[in-house]
Amino acid sequence: MTTRRIKTLTQFIVERQSQYPQAKGALTRLLNDLATAAKIVNREINAAGLVDILGYEGTDNIQGESQKKLDVYANERFIEALKGGGECCAIASEENEKIISFQNEFSERGKYVIAIDPLDGSSNIEANVSIGTVFSIYRRISEAGGGTLEDLLQPGVNLVAAGYIIYGSSTMLVYSTGKGVNGFTLDPSVGIFCLSHPDMRYPENSQIYSINEGNYIYFPEGIKQYIKYCQEDDSSTLRPYTSRYIGSMVADFHRNLIKGGIFLYPGTTKHPKGKLRLLYENNPVAFLAEQAGGKSSDGFRRTLEIEPKTLHQRSPLYIGPKAMVEKVEALMREFSPEFEKQ
Ligand code: AHM
Ligand code: MG
């Protein structure tokens, strides 16, 4: 019987770091801080059915959406871990209107800032459906002290690393530092993330499309055309595609990365910029998609090149294998050019 050697997340990032003699281990520690918070959040999510933690917290987040207790809990755990870890000097979170700048004994040392959605897809919590945490890591551009808004309003092309944690039938941490995408599954018996999905790439033959078709009536004509395209019969291009939509962006993205598919959250006639937030939802997955051989776009522009103007700005998202995203872009240019200016 042969046994495969287990590689833990910590071993993996230390090994990677040793390839860069100038690296001082700050990013390694930062990723470890995120992994630690993820394990605590994971424990709470798993226990959510058992303890009285489900339900509305009673406060609204800055988007006017009701927060659930677990959103608040996850937000606190990630902030706490990052603040205590000392490598991060500011955080932008979906749950906080303004940035949280760390003015503490570490703020001189912290070289990085993080934009995070601590619990994405939270409307799925009560239904025991997969949810996630998604994060972007940038190098600070301000000189010293606590991080600033300017540090966080960087375009995705400046990302140093990005990733997500998916709390699903198993819990996984997937991340990239710009050298491919690697996935680690949490072994709950010992509380350690182990490398399970090395060098993740979109598969050759992709045939899934993921979109909330309930909003069809408000979609740009280009997207209506794309949905029609997905549903046509053409065996040479593996159509009709299969439709899959969880309603948790992290989980939809993760499934599509493994099985091959495009995720779409369009701008609509009611909300031309769509729903998802550029800094802590679109950019991190766009970074991962590109690292996995795919593409991400707002229909006209590469997601990572969009210049952020505000912390919580929204942007349409079309993300997946290159050919699929390019088909959407072609149809948007042909049928909905007015959305380029939105
Ligand atoms: P949230 O951050 O408030 O949880 O909202 C983001 C979520 C995404 O995970 C998901 O893709 C999308 O909202 C689903 O929206 P809709 O219900 O409009 O399809
Ligand atoms: Mg959220």
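Ligands are counted one by one from 1 in listed order, and the atoms in each one are counted from 1 as well. It should be emphasised that the depicted structure is a prediction, and the values quoted were computed from it without experimental measurement.
Checking only distances, N215 never comes within under 3.5 Å of ligand 1, N or O to N or O. Ligand 1 has an N or O atom lying under 3.5 Å from an N or O atom of M249, backbone or side chain. On a distance-only criterion, G121 and ligand 1 share at least one N/O pair closer than 3.5 Å. Here's the thing with S123: none of its N/O atoms is less than 3.5 angstrom from an N/O atom of ligand 1.
Aromatic rings from F135 and Y280 are positioned such that their centres are separated by 6.0 Å or more.
Residue Y265 approaches ligand 1 through these ligand atoms, each under 4.0 Å from one of its heavy atoms: 15 (O), 16 (P), 18 (O), 19 (O). Interface atoms of ligand 1 facing E94, defined by a heavy-atom separation under 4.0 Å, are 2 (O), 3 (O). Taking every non-hydrogen atom of S248 and a distance limit under 4.0 Å, the qualifying atoms of ligand 1 come out as 9 (O). Set against the non-hydrogen atoms of D117, the atoms of ligand 1 under 4.0 Å away are 2 (O). Contact atoms of ligand 1 toward S122: 4 (O) (distance under 4.0 Å to a heavy atom of the residue). Atoms of ligand 1 found under 4.0 Å from any heavy atom of E281, numbered from 1 in the order shown, are 2 (O), 6 (C). Shown in contact with F263 at under 4.0 Å from a heavy atom are these atoms of ligand 1, numbered in order with element: 11 (O).
More than 12 heavy atoms of other residues, nucleotides or ligands shown are found within 6.0 angstrom of CD on E232.
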Show me the donor-acceptor pairs within less than 3.5 Å that the side chains of residues 207-219 make with the rest of the protein, sequence neighbours left out.
residue	atom	partner	partner atom	Å
Y209	OH	E213	OE2	3.2
Y209	OH	Q231	NE2	3.0
S210	OG	R244	O	2.9
S210	OG	R255	NH2	2.8
S210	OG	N256	ND2	3.1
N212	OD1	G214	N	3.0

Could you pull out all donor-acceptor pairs under 3.5 Å where a side-chain atom in residues 33-42 meets a protein atom, sequence neighbours excluded?
residue	atom	partner	partner atom	Å
T36	OG1	N32	O	2.8
K39	NZ	G191	O	2.9
N42	OD1	T171	OG1	2.6

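Without hydrogens or angle criteria, D151 side chain to T148 main chain gives a donor-acceptor distance under 3.5 Å. No donor-acceptor pair closer than 3.5 Å links the side chain of D71 to the backbone N or O of S122. Judged by distance alone, with hydrogens and angles left aside, the side-chain atoms of R314 form a donor-acceptor pair with the main-chain N or O of K275 at under 3.5 Å.
Only the side chain of R277 comes within 4.0 Å of ligand 1, judged by heavy-atom distances. Here N212 has side-chain heavy atoms under 4.0 Å from ligand 1, and that is the only part of it that gets that close.
For the pair R333 and E340, the salt-bridge criterion is not met [side-chain N within less than 4.0 Å of a carboxylate O].
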Going through the checks in order, is the side chain to side chain donor-acceptor pair (under 3.5 Å) test met by T133 and Y167?
CA-CA 8 Å; T133 296; Y167 311 97; 2.8 Å; yes
